Amino acid sequence: MKMASSTETISGTRTKRAEIKEQYKKFIGRKILFIFSTLVLIFIIAGVSATLGSYPITVTEVYSIIWHGLFKNPETTKEIVVWNLRLPRIIMGILAGTGLAIAGAMMQGILRNPLASPFTLGIASSAGFGAVIAICLGAGFVAGKYLIIGNAFVFSLIPTFIILGLTRYKRATPETMILAGIAMMYIFSALTHLINYFSESEAVKAAYFWMVGSLGKTSWDEIVFHVNLGQVSIPLPGPVPAVLIGCVIPLIWKSWDVNVMGAGDETAKSLGVNVERTRIFVLILASLLTAAIVCFTGTIGFVGLVVPHICRIIIGGDNRFLIPASGLFGGAFLLACDIVARTIMAPVILPVGVVTALTGGPFLFFLLIRRRKEYW
Amino acid sequence: MAKLKVKDVEFSYASVSVLKEVCIELAESEMLGVVGPNGAGKSTLIRCIDRILKPQRGLILLDERDIKDMRLMELAKKMGYIPQSTSQVFPATVFDTVLMGRRPHLDWRSSEKDTEKTLETLQMLNIEELAMRDINELSGGQQQKVFIARALTQEPDVLLLDEPTSNLDIRHQLEVMGIIKNIVIEKGISAIMAIHDLNLASRYADRILMMNSGKIFAAGNPVSVLTPDNIKWVYGVEAEVNNNNGRPYIVPIRPVKQNGKGTCESKWNMQ
């Protein structure tokens, strides 16, 4: 009698365990499914995006042109339009969305703050200031064609360096970092206004266009870097994809530690994570990633803030999955916004930064109302 | 042989001294309750032992090895810590939260073994039902059990607890203390627990350390430490201590009038 009941409880707990394990596997499966769906989504949106423009091309033609173009140089008008005019913009859109969303997700993660993004840390406004100096005053770190890009890149790294300098004197707590970032955001935007105030209206307009952010300035140069070895030219990742790959791999590698830090600094320390060092390491990578994108596109807002939240609502907060999910969803989101920017008032092309904020904002509102959790 | 030794530890925040000449020896499978008024240094002591804070002076030896010489991950495999309060900002399921305890044992991928360990601990604390719930949706008592589970999946030899029963109702207080006591007995884990409730300390701790202003005021079994005189001196509270099945049971009566330190009561009397 006693024997029977004890074996019963044992088999009972076994099945319960198996049940939880099954549920957990499904939970993981859903996350992977989401990641693959966004990948497919990007592929479809990219196809649609490549059909848009003054020269009519169908979706099937687009895919076939892209496929064949991988092996030979574009010859027909359609091929040239797709490969040389539309594809760079599309690829840049994907890369920029991916990078900004991942940078935002990681900043939110290490600072344990749902409001953290490249904007709140002052990166966007300092990049804007760098660009404005180049546009309005013609001064910068690099001369010629890369004046604006170089200036924006160098300036966008300043807030991170200041925050790092600060952590030498004060402990690298999330509160210090965010407050320092916000202080810099105000300083740099004030300086930007100051320069604009004394500049020619044409220059101010150009500076303004830069700061809103658009994908219109993209060429293959940012995406592919050709190395000529005698006869053959070997394509290598250009600056943007190179930085993206170089930053995202170590970030994914650190995703466990960022997960643990989500439970609080003390808990993370007791689980063996060097909290301060990880926070600084991740901050540097996320800033570099943002800088490399923003200097080419201008400050595209809201992707870095909103996309990680959308993905957390859908797949949860585990950074091992959140990083790829936010990245791919960010790419799809930015690409979709670019389609809207190009079509809604055609032939006028709106800056994509306006569209991301105008669509992302209400979308977040919608999610806020629908969910009844602490933050959402 | 002592599992954990704390020798002459001193710690100060900026210029404010918090711990002075603290010495402790903890045996295997022993539960030490640390009591004392607010600001006595209980939490600071626990944080120093887990190397969350670095003491300015003194030694902390785990299995005769200085914890300063151990790598963070190495220490995390041997010592688990349950902080007084944690807040999870972003969503995390109970399962994932408990799985975090495996961090010191894994590289990047969590293996089947880690999943099994997590399931085992969830079952041990009887919170399997909560596995897929979000941690922020749980009650304080449930959350505390999850945090204990997370520390246990670390498979530590020493468990450090900072006020494990604060914010819990009496049922959860007893449940949580019972769980900790069981783990200490069954798994041979040693535990140090900072606790405000003198009666819980008396009932569950093998030994009690009474702290006052960063120093150890008294140490020993509950009967020898929780005396009316000690409570009066350290807390400034007059208390009655009754015998409850061999354990002291404390009934606080009133704050004592102290010279120079006016209590609320004395202020009222003066008016």
Side-chain angles (χ1 to χ4, degrees), chain A residues 12-14 16-28 105 108-109 111-116 174 252-275 277 308-309 312-322 371-376, chain B residues 43 46-47 50-53 70-77 79-97 99-110 112 115-116 118-120 122-123 128-132 134-137 147 150-151 154 156 160 162:
Chain A
T13 54
R14 284 250 170 80
K16 199 182 251 176
R17 264 202 202 190
E19 209 177 281
I20 297 171
K21 219 163 143 181
E22 199 53 42
Q23 281 179 352
Y24 190 68
K25 273 195 182 135
K26 269 190 196 155
F27 181 58
I28 301 267
Q108 289 165 3
L111 299 175
R112 291 163 45 76
N113 192 311
L115 293 177
I252 290 178
W253 174 60
K254 282 281 172 198
S255 56
W256 253 110
D257 289 353
V258 179
N259 277 353
V260 173
M261 281 164 70
D265 279 15
E266 290 200 338
T267 304
K269 282 181 188 174
S270 77
L271 289 169
V273 175
N274 190 329
V275 171
R277 205 191 289 166
H309 285 300
R312 278 196 202 95
I313 288 171
I314 300 168
I315 65 157
D318 186 344
N319 288 292
R320 288 176 297 164
F321 300 96
L322 185 67
R371 294 287 282 211
R372 295 188 200 288
K373 282 194 190 170
E374 252 170 85
Y375 274 97
W376 307 309
Chain B
S43 302
I46 282 184
R47 288 184 195 143
D50 202 22
R51 231 174 91 179
I52 292 169
L53 295 173
M70 294 167 80
R71 289 181 49 234
L72 287 175
M73 285 295 173
E74 201 184 339
L75 184 65
K77 283 180 191 169
M79 228 186 253
Y81 167 68
I82 300 158
Q84 191 172 350
S85 62
T86 58
S87 62
Q88 178 77 37
V89 177
F90 296 117
T93 59
V94 167
F95 193 98
D96 279 329
T97 305
L99 186 64
M100 276 180 202
R102 300 301 297 169
R103 175 66 191 100
H105 300 270
L106 48 83
D107 300 320
W108 194 80
R109 272 187 69 110
S110 55
E112 193 68 12
T115 313
E116 287 300 328
T118 305
L119 288 166
E120 199 182 298
L122 287 173
Q123 189 191 328
E128 292 155 298
E129 307 296 332
L130 307 175
M132 299 315 289
D134 193 289
I135 184 94
N136 286 322
E137 296 172 353
F147 298 143
R150 175 169 60 201
Q154 254 173 285
L160 305 166
D162 196 353

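Quick note: numbers below take in every heavy atom, side chains included, and nothing from hydrogens, waters or symmetry partners. Within every chain, numbering begins at 1; the chains are lettered A, B, ... in the order of the sequence lines, protein sequences first and strands thereafter. On a predicted model such as this, the values are computed, not experimentally measured, just so you know.
Contacts between B:I52 and chain A at a heavy-atom distance below 4.5 Å involve backbone atoms as well as side-chain atoms. If you measure heavy-atom distances from A:N113 to chain B, the contacts under 4.5 Å come from the backbone alone. Of the two parts of B:L99, the backbone and the side chain both hold a non-hydrogen atom closer than 4.5 Å to a non-hydrogen atom of chain A. Neither the backbone nor the side chain of B:Q84 has a heavy atom closer than 4.5 Å to any heavy atom of chain A. Looking at B:T93, the atoms closer than 4.5 Å to chain A (heavy atoms on both sides) all sit in the side chain, from C-beta outward.
Inter-residue side-chain proximity for B:L119 and A:K16 is flagged as unmet; no heavy-atom pair is nearer than 4.5 Å. Looking at B:D96 and A:F27, their side chains come closer than 4.5 Å, going by heavy atoms from C-beta outward.
The structure places CG of B:L130 at 9.5 Å from CD1 of A:I20, a figure rounded to the nearest 0.5 Å. Atom CZ of B:F95 and atom CD1 of A:I28 lie 8.0 Å apart (nearest 0.5 Å).
Most heavy-atom pairs under 4.5 Å with chain B, from the set A:K21, A:K269, A:E266: that is A:E266. Taking chain A as the reference chain and counting heavy-atom pairs below 4.5 Å, the highest number among B:E74, B:R71, B:M132, B:K77 is found for B:M132. If you tally non-hydrogen atom pairs under 4.5 Å between each of B:R51, B:M79, B:R47 and chain A, the highest count goes to B:R47.
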*asked:* Evaluate B:R103 against A:D257 for side chain to side chain contact (heavy atoms under 4.5 Å, CB included), listing each step before the verdict.
replied: CA-CA 8 Å; B:R103 175 66 191 100; A:D257 289 353; 2.5 Å; yes
_Determine whether A:L271 and B:R150 satisfy the following criterion, side chain to side chain contact (heavy atoms under 4.5 Å, CB included), listing intermediate values before the conclusion._
CA-CA 10 Å; A:L271 289 169; B:R150 175 169 60 201; 4.2 Å; yes
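Qualifying side chain to side chain donor-acceptor pair (under 3.5 Å) partners for B:D50, counting only residues two or more places apart in sequence or in other chains: none.
Residues A:A263 and B:Q88 approach most closely at CA-OE1, 3.5 Å, considering heavy atoms. Contact record, B:F90 with A:Q108: CE1-O, 3.3 Å, taken as the closest heavy-atom pair.
Checked by atom type and distance alone, the side chain of A:Q23 never pairs as donor or acceptor with a backbone atom of B:A131 at under 3.5 Å.
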